[in-house]
Number of protein chains: 2
Amino acid sequence: MITASALQAGTKQRILDTAEHLFACEGYRGTSLRAITGKAGVNLAAVNYHFGSKRALLEEVIKRRMGPLNQVRRKRLEEIRARSLTEGKRPDIRAVLTAFIEPTILFRESERGAGDFITFIGRSFADPDDTVRTVFHRVINPMVQLLFRTVSEALPNQPKDIIFWRLHFTIGALFHTMHIYGAMKPAFMSMTTYIDARSLVNLIIPYVTAGMKA
Amino acid sequence: MITASALQAGTKQRILDTAEHLFACEGYRGTSLRAITGKAGVNLAAVNYHFGSKRALLEEVIKRRMGPLNQVRRKRLEEIRARSLTEGKRPDIRAVLTAFIEPTILFRESERGAGDFITFIGRSFADPDDTVRTVFHRVINPMVQLLFRTVSEALPNQPKDIIFWRLHFTIGALFHTMHIYGAMKPAFMSMTTYIDARSLVNLIIPYVTAGMKA
DNA sequence: GTCTATACGATGATAGAC
DNA sequence: GTCTATCATCGTATAGAC
């Protein structure tokens, strides 16, 4: 039935949107199913009916946005690798880092509600809750592996473990930026330094590029 | 009385040590007072008696280590500023960053249990729980302000908001490093790249120095 | 002053009856 | 799909033993 199906889709999506927002504001552990369903205007049991558990809801919240985002980043990285192969020269490290970072930061403006997601993701890497880290790692891991491989091709003379750590410095800088850029309480410093996403990309790319080559 | 006082110190310290460990493993929100007191072998009510609340316990856990650590970092930064003033030339950016980062990473080996603390702190900046971020910010803020001021003196030609963001990239790299360096589950990547603290300092300093100057 | 035993009120996720 | 019951666990408060 059209009506039933539409209503069901509406309920699922309302739950996903509300959960995403609350996860970003209060964290996974700090968000109760009562808070989600209450704010979404659906029944408490709807989460277990549609998703099975709170953990499964978390997975859906992450995958819904991360799927498309990863697709873009993967495409850009693969393009660089393909071009590098046909042209017979190694990839440019700045281009590689841009292929990963630019879509990530600009993603905030791509869809409605994506800002909450970026904030949440910026915290997920170091989330104290094991569930969050596990689910997040499973989704991000193939992406990071590809990034590592491509960076290694761009810097063939650098030992792998040095690349490993420098890449972690880069990821740390990026995720911290994602977190504070979208943080609800932005000013831990007294000054408020607003910046648009495009300028932020133009700031972070030279920083991490210089670091990776240091 | 000596006996009573010694016993009291024992209980308080056992609570602090256990809380520190569990906060690092399970997070603030994920650690119940029952878990802490149970593992410490003290009564449940002991936390409220000695500290007043779970939040106050968190404050003590943070301040106990952060006090000495901040003292070292402050001393080294102030020395650089003083020398810069007497010698009439601006501070070296690499020296400034080293003064802040080196004590932080080496702190792990300075005292027993400090490793748990470093792991916990590495997560605190982006902790989903507002209580953790608030308490942590209050303790770290003066330190970051001093760092910002000293970096600004080292790079007088750079606009303040550029320094602001680059410093955040640096802090992000450092905290992410602290977090994964001491993480209980280190391998989100398949390879395990062990490194000693000294070598880690020698890796991150050139990275962030290059980034700040980019 | 310290520490213990126990109780309270609130809130958590989930499952089964409808 | 919804409503309600269930049962575990939370932080905190308090009364009394040492």
Side-chain angles (χ1 to χ4, degrees), chain A residues 1-23 25-62 127-135, chain B residues 1-23 25-62 127-135:
Chain A
M1 267 221 267
I2 287 179
T3 346
S5 170
L7 277 176
Q8 182 197 358
T11 299
K12 272 189 88 163
Q13 185 138 341
R14 252 200 326 280
I15 291 175
L16 282 169
D17 290 339
T18 311
E20 180 175 71
H21 177 68
L22 290 177
F23 287 168
C25 294
E26 316 278 354
Y28 173 73
R29 195 127 196 176
T31 303
S32 68
L33 293 183
R34 283 178 167 82
I36 296 172
T37 53
K39 191 164 186 186
V42 303
N43 189 273
L44 169 61
V47 168
N48 258 281
Y49 176 78
H50 284 290
F51 300 94
S53 68
K54 190 187 180 186
R55 185 198 168 107
L57 169 62
L58 171 69
E59 286 207 40
E60 274 310 304
V61 167
I62 292 183
D127 198 286
D129 191 303
D130 200 54
T131 304
V132 178
R133 287 202 308 279
T134 303
V135 171
Chain B
M1 269 220 265
I2 289 178
T3 344
S5 169
L7 278 176
Q8 180 201 357
T11 300
K12 271 189 88 164
Q13 187 138 343
R14 253 203 322 283
I15 292 174
L16 282 170
D17 290 340
T18 311
E20 181 176 69
H21 177 68
L22 289 177
F23 286 167
C25 294
E26 316 279 354
Y28 173 73
R29 196 128 194 175
T31 303
S32 67
L33 293 183
R34 286 174 171 82
I36 297 171
T37 53
K39 190 164 186 186
V42 303
N43 188 271
L44 169 62
V47 168
N48 259 281
Y49 175 76
H50 284 288
F51 299 94
S53 67
K54 189 186 180 187
R55 185 198 168 106
L57 169 61
L58 171 69
E59 287 207 37
E60 275 310 304
V61 167
I62 292 182
D127 198 284
D129 191 302
D130 200 54
T131 303
V132 178
R133 287 203 307 280
T134 303
V135 170

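First the proteins, then the strands, lettered A, B, ... as listed; each starts at 1.
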Phosphate OP1/OP2 of [N] contacted by [X] side-chain N/O (<4.0 Å):
X	N	value
B:Thr11	C:dC3	yes
B:Tyr49	C:dT2	yes
B:Ser32	D:dC10	yes

Atom pair distance, as rounded to whole Å: [atom1] in [X] and [atom2] in [N]:
X	N	atom1	atom2	answer
B:Gln13	C:dT2	CD	P	16 Å
A:Asp129	C:dG12	CG	P	15 Å
A:Arg55	C:dT14	CZ	P	11 Å
B:Ile36	D:dG11	CD1	P	8 Å
B:Asn48	C:dC8	CG	P	18 Å
A:Lys12	D:dG1	NZ	P	10 Å
B:Leu33	D:dA13	CG	P	11 Å
B:His50	C:dT4	NE2	C1'	12 Å

Nucleotide nearest [X] (side chain, heavy atoms from C-beta), chosen from [options]:
X	options	answer
A:Asn43	C:dG12, D:dT2, C:dT14	D:dT2
B:Leu44	C:dC3, D:dT12, D:dT4	D:dT12
B:Arg34	D:dT12, C:dT2, D:dT2	D:dT12

### Message
Under a 3.5 Å distance rule, please check whether B:Thr31 uses its side chain to pair with a backbone N or O of B:Leu22 as donor and acceptor.
### Response
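Yes; at least one donor-acceptor contact below 3.5 Å.
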### salt_bridge(A:Arg14, A:Asp17) N-O dist < 4.0 Å
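No.
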### Query
Under 4.0 angstrom, heavy atoms only, what part of the nucleic acid is B:Thr31 near: base, sugar-phosphate, or nothing?
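Answer is sugar-phosphate: B:Thr31 comes under 4.0 Å of backbone atoms only.
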### Message
Test side chain to side chain contact (heavy atoms under 4.5 Å, CB included) on A:Tyr49 and A:Asn43; report intermediate values, then the result.
### Response
CA-CA 10 Å; A:Tyr49 176 78; A:Asn43 189 273; over 6 Å; no
### Task
Quick one: pull up NZ in B:Lys54 and CZ in B:Arg29 and give me the separation to the nearest 0.5 Å.
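Reported to 0.5 Å precision, the distance equals 8.0 Å.
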### Task
Starting at CG of A:Leu58, measure out to CZ of A:Phe51 and round the result to the nearest 0.5 Å.
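Reported value, rounded in 0.5 Å steps: 11.0 Å.
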